[in-house]
Amino acid sequence: MPQFEVSTPQRTYAAVVERGAIARLPDFLPASHGKLFVVTTQDVWALHSERFAAAIGSRPFHVLFFAGGESNKRMAHVEQLAETMAEHGADRSSLVIAFGGGIVTDLGGFLAAIFMRGIPVIQIPTTLLAQVDAAVGGKTGANLVAGKNLVGSFHQPLAVLIDPAVLATLPEREYRAGLYEVIKTGIIATEPLFRILADQRDAVLAQHHHVVDHIVAESIRVKAEVVSADERESGRRKILNFGHTFGHALEAETHYTAFLHGEAVSWGMRAATYLARDLGLLQASDCQSILYVLDRYGPIPSVKGIAAEALERRLVKDKKTIQSKVHFVLPVCIGDVIVKADVPPEPVLQAIEKALADCQ
Ligand code: GLY
């Protein structure tokens, strides 16, 4: 199974995609590491602590439980975890192992980024969404009431250990939510990946090993290439936000409780796809194909009662908005996107309305 190199000015590291990858943990611990702190949730620990214990062997470690859930991804919890680390004697040689879904990898990474001005982190993502996106690339952070991930830091891990075998324990909804990030990767960068999702739905949903391992590895290949080209999102990395600007607005408008992140991104990709078509950037047939694949992995929870105008207002608060200009990532074909900042408000509102109408 493959290992991909993520090469950034901050650090070069491996993203290992392998059944049993958790067992590789000792290979990536620095020889002189101090206390080990595992940030995880009760759910993940109940399911996977044996794998972890087998990997870590006789090394002592302390488990920091986090309640999980997007609405808990807040500074107050980061502070609590940092206090607990300090109480347990953490110092600059300590190391965080973020072991869980995207919320854990974001929050655990952020904890490592700011504890004593930065200690190392190893990411072990256990949801599909975290495996194919959140845990790779060094984005860490927490939410504010004003918006998602509005506080955070780029903090590249020492390694990312991606074990597709752990996905078998995911609730079906959670797995499908992660598949939307894989669909995103296909739309922005690789048509063959998109075609697998279009043509092999049953095998993808049934988690046939060869299909799952391939789509995860392909997603990591793309992510490693994009992050290596642009760690700080000044250029190419913006393409990874396809569907996210609209999706973040939906998440914030519903207080991070109604939609899983991947579901909100699915809705956001729908809105962005309508927008691209209506601006004449995307052929109607490609628009249809994208909407068809999103539907094949749906449905997402109903958006009934959500006002298009409220979502449009939220777009301006997204952290990708610069000097009140929203930067939209828009598909121009399947496998390529552009970033466009000068989009007038009317077509944006219309695209939101169309996407809302599809998901009642
Ligand atoms: N999740 C988008 C990025 O890593 O840039």
Side-chain angles (χ1 to χ4, degrees), residues 4-11 13 15 17 70 73 98 100-110 112-113 121 123 125 127-143 147-157 159-160 162 177-190 193 215-216 218-252 256 259-269 272 318-322 326-331 337-339:
F4 300 93
E5 186 177 277
V6 185
S7 181
T8 69
Q10 201 181 107
R11 186 188 309 287
Y13 58 96
V17 185
E70 196 70 50
K73 201 175 122 184
I103 293 162
V104 167
T105 59
D106 277 14
L107 199 95
F110 188 44
V121 60
Q123 298 281 9
T127 63
L128 181 58
L129 186 131
Q131 292 195 344
V132 299
D133 190 45
V136 180
K139 280 191 180 175
T140 71
N143 299 332
K148 197 173 156 73
N149 296 332
L150 288 189
V151 285
S153 167
F154 287 97
H155 189 56
Q156 301 295 345
V160 189
I162 298 159
L179 287 172
Y180 293 121
E181 289 282 359
V182 182
I183 295 170
K184 176 198 84 176
T185 304
I187 296 168
I188 63 173
T190 156
L193 178 59
I215 63 175
V216 172
E218 267 299 284
S219 302
I220 299 302
R221 180 186 67 75
V222 170
K223 180 112 197 209
E225 177 263 304
V226 171
V227 172
S228 298
D230 174 23
E231 180 191 26
R232 299 248 155 185
E233 205 176 297
S234 51
R236 182 153 168 76
R237 189 165 181 171
K238 289 182 180 162
I239 70 171
L240 298 174
N241 295 322
F242 173 52
H244 284 62
T245 306
F246 286 107
H248 287 172
L250 182 62
E251 284 181 277
Y256 306 105
F259 297 89
L260 298 175
H261 175 62
E263 293 169 338
V265 168
S266 168
W267 181 83
M269 289 193 285
D318 193 84
K319 70 177 182 308
K320 310 290 167 10
T321 299
I322 299 166
V326 184
H327 289 62
F328 292 100
V329 182
L330 300 172
V337 286
I338 58 164
V339 181

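One-based numbering, in listed order, for ligands and for the atoms of each. Fair warning: this is a prediction, and the values are worked out from it, not measured in the lab.
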Return yes if some donor-acceptor pair links the side-chain N/O of His155 with the main-chain N/O of Ser153 below 3.5 Å, else return no.
-> no
Note: Lys139-Asp106 ion pair, threshold 4.0 Å (strictly below) = no
From the options Arg11, Gln123, Gln10, Glu231, select the one residue that forms a side-chain hydrogen bond (donor to acceptor under 3.5 Å, both in side chains) with Gln156.
-> Glu231
Using a distance-only test with no angle check, is there a side-chain donor-acceptor pair under 3.5 angstrom linking Asn143 and Glu251?
-> no
Hey, which residues fall under 4.0 Å of ligand 1 on heavy atoms?
-> Asp133, Lys139, Lys223, Glu233, Arg237, Leu240
Any donor-acceptor pair under 3.5 Å from Ser266 side chain to Gly262 backbone | no
Establish, from distance only, whether the side-chain atoms of Thr245 and Asn241 form a donor-acceptor pair under 3.5 Å.
-> no
